[in-house]
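Naming convention: chains lettered A, B, ... in sequence-line order (proteins, then strands); numbering from 1 in each chain. What you are looking at is a predicted structure, and each value in this text was computed from that prediction instead of being measured.
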Number of protein chains: 2
Amino acid sequence: MTQTPKFALIKQHIIDNIQAAKWVENQRVPSENELAEQFSVSRMTARRALSELTEAGILTRSQGLGTFVASLKSQSSLLEIKNIADEVQARNGVYSCSVLSLESISAVAPIAIALGVEINSQVYRSVLVHNENEQPLQVEERFVNPALAIHYLQQDFNHITPHEYLSQVAPLTEARHTVEAIMPSNEVCQWLSLYNEEPCLQVIRRTWSSEGIVSFARLISPGSKYRLGGHLTFKRH
Amino acid sequence: MTQTPKFALIKQHIIDNIQAAKWVENQRVPSENELAEQFSVSRMTARRALSELTEAGILTRSQGLGTFVASLKSQSSLLEIKNIADEVQARNGVYSCSVLSLESISAVAPIAIALGVEINSQVYRSVLVHNENEQPLQVEERFVNPALAIHYLQQDFNHITPHEYLSQVAPLTEARHTVEAIMPSNEVCQWLSLYNEEPCLQVIRRTWSSEGIVSFARLISPGSKYRLGGHLTFKRH
DNA sequence: CAAGCTTACTTGTATATACAAGATATCTGT
DNA sequence: ACAGATATCTTGTATATACAAGTAAGCTTG
């Protein structure tokens, strides 16, 4: 009947008022009943507009008090960390991958701690080089908790990336990353075929599933060939 | 009456089935009417459970077809880029800031293009050094579109960071970042008091408001002192 | 056989209603 | 003056109902 639903019109009205700075941070916005009367809709429809904007982080509500414009706080923005195979394909490159090592090793202290397993227990380790057009782009050294990915060593990582495989067998619930600029070790220089020393971007990623820590990975790329790109749009409407 | 609301129980039931892998990716989940009967609730209550899980990205719905378990796809995760003053304070450091330069300059081509203004028009430029415990931690070189932040040059950046000020005068709608590992120029080495060459993390950030491109910033930090930290929890329930 | 109609199921929008529960100001009795 | 009850606002949960609209299967008809 109506081209755009009524609740969407009310949402837009609220967003407009906030963006025009007529309603400022922490200011009260009309109540469900007021909006219902103002727009000649039922309370449930007005409620839907307020609820969805609350879910989107634009408003905050509190029972008994009312609904308010949310504070923007420190406006921290987000950087997306994508699958490297997807990234290469997205720019029409040819992706390939070489498995340099795939083994079970005895976990030394820092690795055992990072994986939450006992020191000197067996863990899986893989070293892959991701290539774009046959040129090494990133080396991935990964330690995997064998309890959560029993068949890790049997995988063919030319067909499925370690991250994809692990997401299947142990659905991720949490991830932590750190990004640093480092000078590569000699070993990494060899893996990446770097003849001249150059700074590299290192991403360290630890992933959790509901069962515990799944894996711990170091992703190292030469600064001249790789950058992390991020893109974020704030308020959706 | 009921301790936990009915719609929350239904949500939990669905999440449990997905996490137990009883319902897998792209599989259909019970319809609103089926859930309503199964849990002896009204359709609207069952609908709420499905809608909220859809909003959270756990399910996908399509009119006429049904509701399905969402695919995890490439599970790209997100890295938060925080305000550096907040970060320093969060680890109990003393934050301070030195303004090295604050001026109006003539925009050379690459800067004019990045800001979307005419070549050789005047733009604002600031160079700040952010310190933690009196030690330089990051240098911020920023170019600002004067049309969108007229009083930029009159600000006291010891009281408000450029990012905070710009967020106030021109609410951000979009941001793009790239993160790279670079070797610092001599100029940057001086600003950061680096005596030995070391790799640095460079974040380039462009920000948009509804009026256009607001600013273009280079944030450079020594690799030995600074890393970007990210943390993401996937499914909330 | 094939094009089009019907039917049954799905989700999407909208309403009217009821009661619960949190917050706040006002009124009341001591 | 103060404590407690009350009234009245707010949001939160839940139901029953109605119709709209997208999808897919089966059935009808030429």
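Note: CE (B:Met44) to P (C:dT11) measures 13 Å, nearest angstrom. To the nearest angstrom, P of D:dG12 lies 18 Å from CG of B:Leu9. Atom CD in B:Glu32 sits roughly 14 Å away from atom C1' in D:dG22 (whole-Å rounding). The NZ atom of A:Lys6 sits 18 Å away from the P atom of D:dA18 (whole-angstrom rounding). The nearest whole Å value for the distance from the NZ atom in A:Lys11 to the P atom in C:dG12 is 13 Å. Summarising the geometry, the separation between CZ on B:Arg48 and P on C:dT13 is reported as 16 Å, rounded to the nearest angstrom. Remark: P of C:dT11 and CD of B:Gln63 are 10 Å apart, rounded to the nearest angstrom.
Residues from residues 33-43 of chain B with heavy atoms under 4.0 angstrom of DNA chain D, sorted by number: B:Ser40, B:Val41, B:Ser42, B:Arg43.
Contact annotation: B:Thr45 side-chain N/O to D:dT15 OP1/OP2 distance is under 4.0 Å. Remark: A:Arg61 is not in phosphate contact with D:dT10, judged by side-chain N or O atoms under 4.0 Å from OP1 or OP2.
Judged by distance alone, with hydrogens and angles left aside, the side-chain atoms of B:Asn145 form a donor-acceptor pair with the main-chain N or O of B:Ile213 at under 3.5 Å.
Comparing atom distances between the B:Leu65 side chain and each of C:dT11, C:dA20, D:dT23 picks out D:dT23 as nearest. Which of D:dT13, D:dT11, D:dA20 sits closest to the side chain of A:Ser31 comes down to D:dT11.
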- Query: Yes or no on side-chain contact (heavy atoms from CB on, under 4.5 Å) for A:Leu50 and A:Val29, after CA distance, side-chain angles and deciding distance?
  - Reply: CA-CA 9 Å; A:Leu50 292 174; A:Val29 306; 4.1 Å; yes
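Each of B:Arg47 and B:Arg28 was assigned the nucleotide of DNA chain C with the nearest heavy atom; the assignment lying further toward the 5' end belongs to B:Arg28. Projected onto DNA chain C by closest heavy-atom contact, B:Ser62 and A:Phe7 fall at different nucleotides, the more 5' of which corresponds to B:Ser62.
Each of A:Tyr226, A:Tyr95, A:Phe157 was scored for a ring pair (Phe, Tyr, Trp, His ring centres under 6.0 Å) with A:His130, with one residue passing: A:Tyr95.
Qualifying side-chain hydrogen bond (donor to acceptor under 3.5 Å, both in side chains) partners for B:Thr161, counting only residues two or more places apart in sequence or in other chains: none.
Between the side chains of A:Ser126 and A:Arg142, no donor N or O sits under 3.5 Å from an acceptor N or O. A:Asp16 and A:Gln12 form a side-chain donor-acceptor contact under 3.5 Å, judged by distance and modelled atom types alone. Residues B:Thr178 and A:Arg227 bring no donor and acceptor atom of their side chains to less than 3.5 Å of each other.
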- Message: For Watson-Crick and G-U wobble pairs within 3.5 Å on both distances, what is DNA chain C written in dot-bracket notation, | included for inter-strand pairing?
- Response: ||||||||||||||||||||||||||||||
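Electrostatic pairing of A:Lys225 and A:Glu132 does not count as a salt bridge here, judged by no charged N lying under 4.0 Å from a carboxylate O.
Between B:Phe39 and B:His13, a ring centre-to-centre spacing shorter than 6.0 Å is recorded.
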